Number of protein chains: 2
Amino acid sequence: MTQLELARSGVISEQMRYVAEQEGLDATFVQQGVAEGTIVIPANINHGNLVPLGIGKGLRTKVNANIGTSSDFGNMSTELDKLQTAIDYGSDTVMDLSTGGDISAIRRAIVAASPLPVGTVPIYQVGLEAIVRHGAIVDMTIDDILDVIEEHATDGVDFVTVHCGVTKATVERLRHQGRVTNIVSRGGAFLAARILHTGEENPLYEYYDRLLDIARKYDVTLSLGDGLRPGSLADASDRAQFEELITLGELTDRAREAGVQVMIEGPGHLPLDQVVSNVQMEKSICRGAPFYVLGPLVTDIGAGYDHIVGAIGGAIAAAAGTDFLCYVTPTEHLGLPDTADVKEGVIASRIAAHAGDIVKGVKGARDWDDKMARARSSFDWETQAELSLNQERARGVHAKHTTAGRACSMCGDFCAMELIEKCLDSPQVRC
Amino acid sequence: MTQLELARSGVISEQMRYVAEQEGLDATFVQQGVAEGTIVIPANINHGNLVPLGIGKGLRTKVNANIGTSSDFGNMSTELDKLQTAIDYGSDTVMDLSTGGDISAIRRAIVAASPLPVGTVPIYQVGLEAIVRHGAIVDMTIDDILDVIEEHATDGVDFVTVHCGVTKATVERLRHQGRVTNIVSRGGAFLAARILHTGEENPLYEYYDRLLDIARKYDVTLSLGDGLRPGSLADASDRAQFEELITLGELTDRAREAGVQVMIEGPGHLPLDQVVSNVQMEKSICRGAPFYVLGPLVTDIGAGYDHIVGAIGGAIAAAAGTDFLCYVTPTEHLGLPDTADVKEGVIASRIAAHAGDIVKGVKGARDWDDKMARARSSFDWETQAELSLNQERARGVHAKHTTAGRACSMCGDFCAMELIEKCLDSPQVRC
């Protein structure tokens, strides 16, 4: 039985109990969330070394790091390094998006090395193999697709992005709408290309029940992909995007009926004032399914700094109820991230997630800030470093300019906190 | 006459005309905003090489970079380097916060070298001189204070932070409130210390009319400082903060009556869901005076990455109507920023300001994004770099991994935009 089926039947699984402990919550809260579908625990029965993790309502906002080769760069060693960096800096999950080299071997190595839930986008491999087998991506068949998904499931992948909502109707809406950046989702583009070339329906939509059978068998969580996510502000919140979201809502119902855990992927590029409404619409249309966003990116102009742009959108999204943030690295829109970029991306996303958790009232979230504030007011630099997201960096910046007194080099002899502490304690002293 | 007096008397000054041109607005719009006090043009009559800049309602959100020595580090050369970096990366103003070395000489050099409006916090110099002259900061007199302010005004400083709202009542509210990080504003701490030690009222409050006389004489814009800005989430939006804000509202009225331009400084550390309400309260209590915020910082735990934390709060604040963002650098809370930190701080703040301008509907703001999106969809990498905030970085990241095709190394042979473009144009082609 899947976690969803277990929860519905009133069982509190080992995984639910562990998640509850980690979050400081009652196990019955987690079990009820899983049963209702507002919480998922992506835990493939074949992922032996997995440390269970919950994503959803009432839980800490989680962060995902995308790793993996592209057709031109990266290999098993670089990607395992990225995995370790993602783990070291506190990513909650990783997705292996490899499209270059021996991608099956890379995926297996990542799953074997990862205590974090691992996600993939199987359609990439399907496309690569379709070129070899049939000569073109658009010639992939439903059996090609499901065989690869079952391979990933067998390998222990905990969640898969499946662009089931890229339907003929969605592509038609896209055509009528007109966009600046038509489709920026790779998987979405593969399936839309097939629809455009063959005139046939998306096999992942048409044969969704077969997909559900595989997902249920291994308890793979479906991450229903947003193939039509806007790739620019100009395309944000348009009819094509919402056509797909409506379909994803219907597919959410069907997944739950089949006992399959499901979450929903979301934008993408959105003006800042559309972030909250996008979260609300997903929660409403998909009946509270966990929402997993990429960014959102609140401006298109941040090339080289899109981790900051994504942190702005991600913090607002998280505060509004988004459950899961896919990181954005400084190389977004420009190239494949390396290990240093993975680090910066994870940290920026963790800041965003935590800023949201403070607003959500996630248990224990504000304690972290309060500890930092107290360490700051008592000039306890070691504790401040220990509470930082990158201890080495915090220590290094502080140590760069040493001062004679307790205060840092920003204010040196004229530290506001130090002065006011003296005067509040002993106003008679002439400071 | 000050810009405010000119505007009120129906005159469209050269500065108003220039600001209007830069913003693509009618000169009468700017003149009316200045007359109403919702726009300020900090333009000291002695700042010869100033390029006029407007801050306020209906205008592009502006960004300030703090530079200056501390008691331990920095000198004229390092600070002039920081000024140039701030200019190069698009800061709209700079503030010289020097407290080490020959601070009068550094200030004069910065004003002479800066086409941007220059701000200072004269109370720092007052405190330093009071230690030499009287043996303690708390012994500074009203004449000491006003003499330094007039020195800064004579030197051509365009706006000065003056913590006139740190009154006996404010300090009493602080005592009753209890805080984790009592006062984190240096100037605020100097004045609160004097109140605590002497029992006397803040001279800048008591002799506010004398301050207004100087400001009017040189058309120095007052930036009414928030000495009680929260230094941690635990202290956000408390009674001490709002006691000060109410006083600043009253002082805004008096400045305007005296023909003096005025803006209001704001937090500081605020949970994400208190940012908008803080902006609304300032606009309401201070009758639409331009709002100038530091951050806001939406979590306390970002040591080493506080430019990202500040960008999150700044973007939300800007979208809600904040007019002016003071940057935060990666060294905030840890040490004095160097030139590289100035660059990162300016860029992060500009991203935040622009994300806000998109929402505000600032004239021309979205054009920038739309140009970037079109360059992206046409694989025009040179235009993308030209539209970036840091062209060198954008080019460098893109060039790091070269590919055979048009797409970047993120997707290489499997670029979504490239694939879908082909299929939309020629669905008969087998991609």
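Any value given below was found using the heavy atoms of this structure, including those in side chains, with hydrogens, waters and symmetry copies removed. For clarity, every value in this text was computed on a predicted model and none was experimentally measured. A note on names: the letters A, B, ... follow the listed sequences, proteins ahead of strands, and every chain is numbered from 1.
Not one N or O on the side chain of Asp369(B) forms a donor-acceptor pair closer than 3.5 Å with the backbone of Thr299(A). Without hydrogens or angle criteria, His307(B) side chain to Ser349(B) main chain gives no donor-acceptor distance under 3.5 Å.
Taking chain A as the reference chain and counting heavy-atom pairs below 4.5 Å, the highest number among Ile308(B), Asp72(B), Ile183(B), Val298(B) is found for Ile183(B). If you tally non-hydrogen atom pairs under 4.5 Å between each of Ala355(B), Cys415(B), Ser232(B) and chain A, the highest count goes to Ala355(B). The greatest number of non-hydrogen atom pairs below 4.5 Å with chain A, out of Val309(B), Ile316(B), Leu387(B), Val171(B), is found for Ile316(B). Looking only at heavy-atom pairs under 4.5 Å with chain B, the residue among Asp139(A), Thr181(A), Thr69(A) that has the most is Asp139(A). Interface remark: of the candidates Asp370(A), Thr331(A), Ile351(A), Thr99(A), Ile351(A) forms the most heavy-atom pairs closer than 4.5 Å to chain B. Per-residue counts of heavy-atom pairs under 4.5 Å with chain A were compared for Glu344(B), Glu418(B), Arg186(B); the largest is that of Arg186(B). When each of Leu233(A), Ile131(A), Val138(A), Asn182(A) is checked for heavy-atom pairs under 4.5 Å with chain B, Leu233(A) comes out on top. Chosen from Gly335(B), Cys423(B), Gly412(B), the residue pairing most often with chain A at heavy-atom distances under 4.5 Å is Gly335(B). Between chain A and the residues Ala189(B), Ser409(B), Cys408(B), the most heavy-atom pairs under 4.5 angstrom are made by Ser409(B). Ranked by non-hydrogen atom pairs under 4.5 Å with chain B, the options Thr198(A), Leu128(A), Leu97(A) are led by Leu128(A).
The line from CD of Gln428(A) to CG of Leu196(B) is 11.0 Å long, rounded to the nearest 0.5 Å. If you take NZ on Lys343(B) and CG on Leu389(B), they are separated by 11.5 Å, rounding to the nearest 0.5 Å.
Taking 4.5 Å as the limit, every side-chain heavy atom of Asp341(B) sits out of range of all side-chain heavy atoms of Glu332(B). Asp235(B) has its side chain out of reach of His269(B): every pair of non-hydrogen atoms, C-beta onward, lies at least 4.5 Å apart. Within the 4.5 Å cutoff, the side chain of Met417(B) has heavy atoms near those of the Phe379(B) side chain.
For a residue to count as touching a neighbouring chain, one of its non-hydrogen atoms must lie under 4.5 Å from one of that chain's; by this rule Tyr124(A) does not touch chain B. With a 4.5 angstrom heavy-atom cutoff, Ile358(B) touches chain A only via side-chain atoms. In this structure, no portion of Arg194(B) lies under 4.5 Å from any heavy atom of chain A. At a 4.5 Å heavy-atom cutoff, the contact between Phe414(A) and chain B is made by backbone and side-chain atoms alike. Only the side chain of Gln384(B) comes within less than 4.5 Å of a heavy atom of chain A; its backbone N, CA, C and O stay farther away. If you measure heavy-atom distances from Leu419(B) to chain A, the contacts under 4.5 Å come from the side chain alone. Interface remark: Arg376(A) contributes side-chain atoms only to the contact with chain B (heavy atom separation under 4.5 Å). With a 4.5 angstrom heavy-atom cutoff, Tyr305(B) touches chain A via backbone and side-chain atoms both. With a threshold of 4.5 angstrom between heavy atoms, Met372(B) approaches chain A through side-chain atoms but not through N, CA, C or O. For a residue to count as touching a neighbouring chain, one of its non-hydrogen atoms must lie under 4.5 Å from one of that chain's; by this rule His333(B) touches chain A with backbone and side chain alike. Residue Ala193(B) touches chain A through both its backbone and its side chain, counting heavy-atom pairs closer than 4.5 Å. For a residue to count as touching a neighbouring chain, one of its non-hydrogen atoms must lie under 4.5 Å from one of that chain's; by this rule Glu421(B) does not touch chain A. In this structure, chain A has a heavy atom under 4.5 Å from the backbone of Ser185(B), while its side chain stays farther away.
A salt bridge does not link Glu386(B) to Lys371(B): none of the charged nitrogens lies less than 4.0 Å from a carboxylate oxygen.
Cation-pi contact between Arg350(A) and Tyr89(A): absent, since separation from the ring centre below 6.0 Å together with deviation from the ring axis within 45° is not met.
Taking Arg374(B) as the reference, nothing meets the salt bridge (charged side-chain N to carboxylate O under 4.0 Å, His left out) condition, with sequence neighbours excluded.
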Can you list the steps and then say if His354(B) with Ile301(A) is a side-chain contact (heavy atoms from CB on, under 4.5 Å)? CA-CA 9 Å; His354(B) 180 68; Ile301(A) 57 94; 3.6 Å; yes
Distance-only check: which donor-acceptor pairs under 3.5 Å involve side-chain atoms of residues 395-402 of chain A, not counting sequence neighbours?
from, atom 1, to, atom 2, distance (Å)
Arg395(A), NE, Glu382(A), OE1, 3.3
Arg395(A), NH1, Gln391(A), OE1, 3.2
Arg395(A), NH2, Glu382(A), OE2, 2.7
Arg395(A), NH2, Gln391(A), OE1, 3.1
His398(A), ND1, Leu334(B), O, 3.1
Lys400(A), NZ, Asp338(B), OD2, 2.2

